[in-house]
Amino acid sequence: MTESQPGGAAGKLWGGRFSRPTDALVDELNASIGFDRRLYRQDIMGSIAHVRMLARQGIIPKDDAAKIEQGLRQIYDEIRRGEHEFRLADEDIHLSVERRLREIIGPAAGRLHTGRSRNDQVALDFRLWTREALIRLAAGLTDTIGALLEIAERHPDAIMPGYTHVQRAQPVLLAHHMLAYVEMLFRDLDRLRDAYRRVNLSPLGAGALAGVTYPIDRQFVADLLGFDGVCANSLDAVSDRDFVVDLLSACAQIMLHLSRLAEEIILWSSSEFGFIELDDAFATGSSIMPQKKNPDVAELIRGKTGRVYGHLMGMLTVGKGLPLAYNKDLQEDKEGAFDTVDTVLLILRVLPPMLRTTRFRTDRMLTAAGEGFTLATDVADHLVRHGLPFREAHEIVGRVVAYCVEQGKDLPDLTPEEWGRFSPLLVESPPPLTPADAIAAREMLGGTGARHVADARIAAAAARDEWVRWVDGRAEALAAVSRRLGLEDTDDGPEGGPGDRNPR
Ligand code: ARG
């Protein structure tokens with residue numbers, strides 16, 4: 001049997017050794033085209049780089065390579081215009097593009113897959129996609145950090161109660177509280193950059209698992225695609241999905257942090273706290289209770305943390321116990337990652353404008369900061385400064401508080417005579433009793449003193465600027481890769497391009 005069109009009885013590009021078609025249910029289970037179609041751009045980028053290398057190395061004729069590259073660019077445009085038909089029968093994005101290429105340029109299309117396997121191809125596509133996702137996430141984080149810094153800048157002196165166990169503990173500056181989240185998000189940025197460093201290696205050339213028999217130039221392909229190097233071991237190259245775990249665990253930590261902030265937004269917007277009022281554009285109402293203004297956005301941030309953690313656990317579980325090298329289990333690496341990045345990116349777009357439009361009721365914060373014996377530690381410290389051992393001072397102030405609770409008083413309500421019952425020192429030298437005293441006493445590195453917080457804010461703003469430069473630099477480097485490959489219009493927007501849309 002001679003067949004110029006590959007396909008065999010199975011009607012598949014790999015069908016040569018099959019004499020019967022696959023069961024329809026197997027096709028349904030096996031196909032990843034429904035979700036990996038969103039890798040179309042990365043797939044075409046990788047193929048253009050590969051085919052240029054094949055021609056340069058004399059592995060395939062130059063005119064065939066030119067036809068292939070032109071055809072790939074045409075497919076790219078077709079997909080972006082929404083004209084490409086993603087068929088279940090195509091199985092995955094790799095075969096879908098190759099099928100269309102054959103329709104456009106004929107049998108020369110069959111040379112594209114020389115010295116390549118779908119195993120190194122999919123690893124390449126997913127690394128290209130992941131590194132872009134990391135940069136987009138980093139951009140979202142820098143914007144969120146910017147919004148937090150703006151709050152700190154707008155309210156440099158606002159005092160609020162600091163909490164432990166959700167019990168009022170000691171006064172802190174609102175700006176200091178915001179800067180705590182900024183620190184968390186800086187660590188997240190660091191994790192993204194670290195993940196970027198590891199993902200940015202080219203697996204192409206690993207072939208199915210053992211390398212290939214052609215005189216390929218892996219480094220040339222890696223350079224063309226803007227990778228920092230090549231994966232060192234072919235078996236590892238095709239089966240490593242650590243970069244997905246890196247991405248998902250960084251996202252899990254981001255959500256851990258954002259869900260903490262979300263929880264505070266929820267608490268603070270309650271009438272019990274009354275510390276903030278959300279803008280109408282970032283709150284929702286109740287279908288039955290006309291008075292309600294609910295912090296749904298914050299609740300969804302808190303709630304969506306669950307699916308992000310779930311996807312991390314899913315990926316860890318898919319990877320465990322897989323013998324070398326590629327196994328089809330690895331096809332399960334994508335949907336969770338796509339959903340994670342879609343989810344976190346959407347949150348990182350909603351959160352900054354929500355923060356920027358939130359009204360802080362600093363009067364209520366200040367009142368709360370002075371209530372509930374938040375100055376008790378400072379009174380004890382005051383006694384220590386007058387010579388008492390701290391444990392003794394703690395004991396004395398504890399008795400003062402017990403007395404106040406019994407009398408229904410707060411510390412500032414006590415008369416000198418009442419203070420004198422606990423220690424003469426407290427009459428000779430009156431203790432600090434206002435939240436502002438507590439703030440002023442903490443002008444130390446990392447503390448909530450206003451001067452130090454102002455310095456910390458300025459340092460954080462400078463650090464943020466540096467991260468913005470890093471993000472812009474990487475984004476420009478990635479855009480340059482696309483231009484080198486002749487793909488100009490590559491801005492898929494935050495939610496990805498035509499192949500990217502998951503039904504939600
Ligand atoms: N759709 C596959 C995946 O996502 C592509 C690799 C398939 N390789 C194979 N030998 N079946 O993993």
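Any value given below was found using the heavy atoms of this structure, including those in side chains, with hydrogens, waters and symmetry copies removed. Numbering of ligands and ligand atoms starts at 1, following listing order.
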Option whose closest heavy atom lies nearest to atom 11 (N) of ligand 1, chosen from K334, R118, Q331: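 It is R118 that holds the nearest heavy atom.
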So, does H94 sit close enough to ligand 1 that a heavy atom of it is under 4.0 Å from the ligand?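 Under 4.0 Å: yes for H94.
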Give the ring-plane orientation class for F275 versus Y163, where under 30° counts as parallel, over 60° as perpendicular and anything between as tilted.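 Judged by the thresholds at 30° and 60°, the geometry between F275 and Y163 is tilted.
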Write out the residue and atom name of the closest protein heavy atom to atom 6 (C) of ligand 1, then the distance separating them to 0.1 Å.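 Checked against all protein heavy atoms, atom 6 (C) of ligand 1 sits closest to Y326 OH, 3.4 Å.
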Does the structure place the NZ or CZ of R118 under 6.0 Å from the centre of the six-membered ring of Y326, at an angle of no more than 45° from the ring's axis?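 Not satisfied by the 6.0 Å and 45° rule.
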Establish, yes or no, whether the cationic atom of R154 lies under 6.0 Å from the six-membered ring centre of F360 and within 45° of the ring axis.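 Because its charged atom misses either the 6.0 Å distance or the 45° angle limit, R154 does not stack over F360.
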Of all heavy-atom pairs between L247 and W129, which one has the smallest distance, and what is that distance?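 Where L247 meets W129 most closely, the heavy atoms are CD2-CZ3, 4.0 Å.
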Exercise: identify the closest heavy-atom pair between I135 and W470: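 Here I135 and W470 meet closest at CD1-CH2, 3.7 Å.
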In ligand 1, which numbered atoms sit nearer than 4.0 Å to a non-hydrogen atom of [X]?
| X | result |
| --- | --- |
| N119 | 8 (N), 9 (C), 10 (N) |
| S32 | 1 (N) |
| D92 | 1 (N), 2 (C), 5 (C) |

